[in-house]
Amino acid sequence: MYNISKSQKLMKIVLVQFHTDSEGGLPPLGILSLANYIKKHGHEPKIQTIKRHPNFYKAAAKQILSSNPKIIGFSVMCNTLPSCLIVARECKKLSKNVPIVFGGPDVTFEDYLLLKLFNQIDIIVRGEGEITFLELVNAIKTRTPFNNILGITYKKTYKIKRNPDRPFIKDLDVLPPIDYSLLPNIKEFEAAQIEGGRGCPHQCTYCSTCKMWKRNFRIKSPKRLAKELEDAYLCFRPHTSAQVAIVHDHLLANRKWTDRFLPLLYNKKIPWACDARYNTLDQNLIKKLKKAGCNSVFIGVESGSARMQRLIKKHLDLSNFYNILGCFSKNNIHCILSFMIGFPQEKKADLNQTLQMALKAKLFHPVSIVQINGLSVLKGTEIFNKIKNRLDPNKIESPEIKLLSRAIRNKNDRKKIGLLFPSYCHAKTNDFPPLFLKKTSILFTFLCDFFPATTLLLLNLFNQTPYQLGKLIISFLDDEKITWGPILNPKTTLTHHLKYFDKFIKTTYGSNKILEKIFSYERLSQTSRFDTRKSVASYSKMKFSSRPKILKGIKIKRFSCDPAITIEDLKHDRINIKRSPSFYVFIPGNIFAPIPLSKPLYKLLSTCTGKNTVRNILFTLSDRKNTLGNLSKTLELLRKNKIIGI
């Protein structure tokens with residue numbers, strides 16, 4: 001247990017959040033809000049964000065204790081719970097009297113079992129933390145009992161006591177604005193983050209949000225949120241890209257609120273991002289979002305199957321989905337689309353519909369990000385409660401959890417480890433082995449991101465389902481001994497998988513001309529996307545004696561058919577191949593589609609080899625349609641657009 005001196009006047013509190021390199025892009029909003037709240041009430045919080053790496057536990061514990069804290073608080077997510085438990089154990093070894101508090105969504109559920117199995121935790125703060133944590137800090141400072149502190153579970157004389165839940169804060173505007181100076185290093189983060197509200201009125205079976213907040217939907221006032229958005233932007237702008245992420249599962253739920261909020265941001269030129277539920281979106285709202293500065297929207301689609309939409313209680317009508325995506329694309333608003341596979345009742349037909357929709361989504365919005373993840377079972381969810389007896393703790397692959405499990409002496413208690421780490425367990429399903437789901441999510445995330453048209457063409461030409469094609473490719477890649485670990489950087493993902501996918505197409509499907517053309521078109525588009533120009537020729541004004549040359553990295557390609565027409569057909573599940581030649585220019589660093597060329601322009605660029613003078617090019621290509629003046633202007637335009645140099 002712990003012991004705090006009565007004479008202590010100022011409570012030094014360390015609030016900890018772990019992240020990997022891939023998780024460190026946004027500030028830790030939960031502990032920022034806690035730190036902000038207790039600081040306003042006279043305490044001294046210190047935030048520590050710690051990067052996880054192999055065997056970092058002892059070093060992390062020393063770092064946490066270096067400021068001599070009187071309380072240590074861990075902000076816990078499902079993917080950080082094992083690390084938090086191990087580091088907390090190391091902290092107890094070094095300073096056993098410092099109380100350790102766990103909080104966050106993942107410890108709100110199964111709190112009793114956590115305290116029973118792991119002695120390193122003294123107190124768990126359940127649900128909304130600001131008022132609860134402040135009362136707890138004051139009680140520890142004055143050494144008063146915890147009996148009247150709502151929302152905590154704690155150890156008392158070797159017994160576990162669970163106080164009643166704390167009512168939610170009705171008006172979130174009463175919380176003080178975030179003080180970002182509490183962050184240890186603001187330059188560490190890629191963008192700002194603010195809280196829009198809490199809770200979601202829906203009850204999706206896979207999501208813990210509705211259980212955490214008991215479907216209690218709250219949102220800040222439009223003026224308050226607009227002011228926070230502007231303040232965060234000004235605070236982060238000198239250090240980062242300055243995009244502000246508004247955190248709320250359902251920001252645009254109330255159209256009246258939205259219509260009051262968005263005009264406050266018109267002409268402010270503040271880039272921001274949010275989450276939105278698909279069925280709240282329409283063309284008019286998307287235009288307003290664009291005008292208000294929104295440049296990115298996260299949409300949780302999860303399943304392309306109407307049957308699964310009912311079973312997981314998502315209840316989305318996706319009949320207008322592609323039109324909404326097209327509208328986002330026209331307004332140049334980035335989309336992140338989330339799909340999930342591996343729900344307990346999911347069948348092959350459902351899986352096929354989800355993967356098909358994910359592939360087509362990329363055609364309607366080419367610069368969107370499509371995420372396909374296997375179901376992660378979260379504590380407290382409806383799915384967790386239904387399948388928790390089928391979670392197999394013996395198949396947990398995490399070294400951290402195995403280390404924690406070995407410390408539990410009671411065999412019956414050890415069997416319950418799956419209840420604490422369900423997202424690490426393999427839920428037994430009838431139709432899909434867990435390893436197949438893992439490989440399918442990695443494979444189709446790659447295919448959606450880089451080769452959606454090629455994949456859809458494969459499905460159409462050879463009358464296959466995504467499930468059948470996925471099994472073929474996975475079997476091929478297994479034979480090639482490919483590494484299936486997650487590769488998060490887009491460029492390395494493309495490099496890692498491209499040579500194998502290229503080999504698969506050539507080995508399995510031979511020389512299908514239309515397939516070759518579409519694959520070549522997408523491959524050039526993607527490799528150009530990551531190319532950079534190392535050297536650029538002179539941009540001085542062209543003279544008749546100049547010798548224009550296509551700049552390094554620029555690729556000019558002729559196709560026997562038009563890939564853009566084929567892709568448009570694939571959007572509508574048809575193939576109508578017209579053998580009409582088309583011409584495209586692929587520009588390094590361009591994440592959008594290649595630029596189509598007319599036949600005369602293609603001929604003009606074909607002459608720009610660095611050997612022909614401008615005079616020779618003009619007199620060779622000039623005719624009644626292409627006058628010397630028009631050709632000269634075209635060459636100058638190509639130079640200005642950095643496609644040719646001299």
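Sequential numbering from 1 along the given sequence is applied to the chain's residues.
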If the condition is salt bridge (charged side-chain N to carboxylate O under 4.0 Å, His left out), which residues does [X] pass it with, not counting sequence neighbours?
{"X": "Lys161", "value": "none"}
{"X": "Lys268", "value": "Glu230"}
{"X": "Asp275", "value": "none"}
{"X": "Lys40", "value": "none"}

With sequence neighbours left out, write down each residue that passes side chain to side chain donor-acceptor pair (under 3.5 Å) with Glu195, or none if nothing qualifies. Arg198
Looking only at non-hydrogen atoms, find the nearest pair between [X] and [Y] and report the distance.
{"X": "Leu81", "Y": "Lys379", "value": "CD2-NZ, 3.9 Å"}
{"X": "Val76", "Y": "Cys84", "value": "CG2-SG, 4.0 Å"}
{"X": "Glu135", "Y": "Asn148", "value": "OE1-O, 4.4 Å"}
{"X": "Lys116", "Y": "Asp413", "value": "NZ-OD1, 3.5 Å"}
{"X": "Thr381", "Y": "Tyr206", "value": "CG2-O, 3.5 Å"}
{"X": "Gly418", "Y": "Leu391", "value": "O-CD1, 3.8 Å"}

Can you tell me if [X] uses its side chain to pair, donor with acceptor, with the backbone of [Y] under 3.5 Å?
{"X": "Arg260", "Y": "Ser221", "answer": "no"}
{"X": "Arg89", "Y": "Phe118", "answer": "no"}
{"X": "Lys155", "Y": "Ile121", "answer": "yes"}
{"X": "Trp272", "Y": "Ala292", "answer": "yes"}

Pick from Asn97, Asn119, Asp122: which one makes a side chain to side chain donor-acceptor pair (under 3.5 Å) with Lys92? Asp122
Sequence-distant partners of [X], ring pair (Phe, Tyr, Trp, His ring centres under 6.0 Å), two or more places apart:
{"X": "Tyr278", "answer": "Phe321"}
{"X": "His41", "answer": "Tyr37"}
{"X": "Tyr57", "answer": "none"}

So how far is it from [X] [atom1] to [Y] [atom2], rounded to the nearest 0.5 Å?
{"X": "Arg414", "Y": "Arg409", "atom1": "CZ", "atom2": "CZ", "value": "10.5 Å"}
{"X": "Gln63", "Y": "Ile50", "atom1": "CD", "atom2": "CD1", "value": "4.5 Å"}
{"X": "Leu85", "Y": "Leu114", "atom1": "CG", "atom2": "CG", "value": "6.5 Å"}
{"X": "Leu289", "Y": "Leu285", "atom1": "CG", "atom2": "CG", "value": "4.5 Å"}
{"X": "Ile333", "Y": "Ser368", "atom1": "CD1", "atom2": "OG", "value": "13.0 Å"}
{"X": "Ile86", "Y": "Glu400", "atom1": "CD1", "atom2": "CD", "value": "4.5 Å"}

Checking Ser441 now: which residues fulfil side chain to side chain contact (heavy atoms under 4.5 Å, CB included) with it, not counting sequence neighbours?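 Checked Ser441 against side chain to side chain contact (heavy atoms under 4.5 Å, CB included); matches are Ile341, Ile372.
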Can you name the residues that form a side chain to side chain contact (heavy atoms under 4.5 Å, CB included) with Ile336, not counting sequence neighbours?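 Counting only residues at least two positions away or on another chain, Ile336 forms a side chain to side chain contact (heavy atoms under 4.5 Å, CB included) with Ser296, Phe298, His334, Ile369, Gln371.
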Salt bridge (charged side-chain N to carboxylate O under 4.0 Å, His left out): pairs with one or both residues in residues 201-216, sequence neighbours excluded: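 Of all non-adjacent pairs touching residues 201-216, those that pass salt bridge (charged side-chain N to carboxylate O under 4.0 Å, His left out) are Asp165-Lys214.
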Cationic N near anionic O, under 4.0 Å, Asp173 to Lys227: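 Result for this pair is no, no salt bridge flagged.
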Any carboxylate oxygen within less than 4.0 angstrom of a Lys/Arg side-chain nitrogen, looking at Asp259 and Lys288? yes
With a cut-off of 3.5 Å and sequence neighbours excluded, list every side-chain donor-acceptor pair involving residues 26-34.
{"unit_1": "Ser33", "atom_1": "OG", "unit_2": "Glu130", "atom_2": "OE2", "d": "2.6"}

Heavy atoms of other groups near Asn55 CG, more than 12 under 6.0 Å: no
side-chain contact (heavy atoms from CB on, under 4.5 Å) between Phe236 and Leu183, worked out: CA-CA 11 Å; Phe236 277 77; Leu183 290 172; 4.0 Å; yes
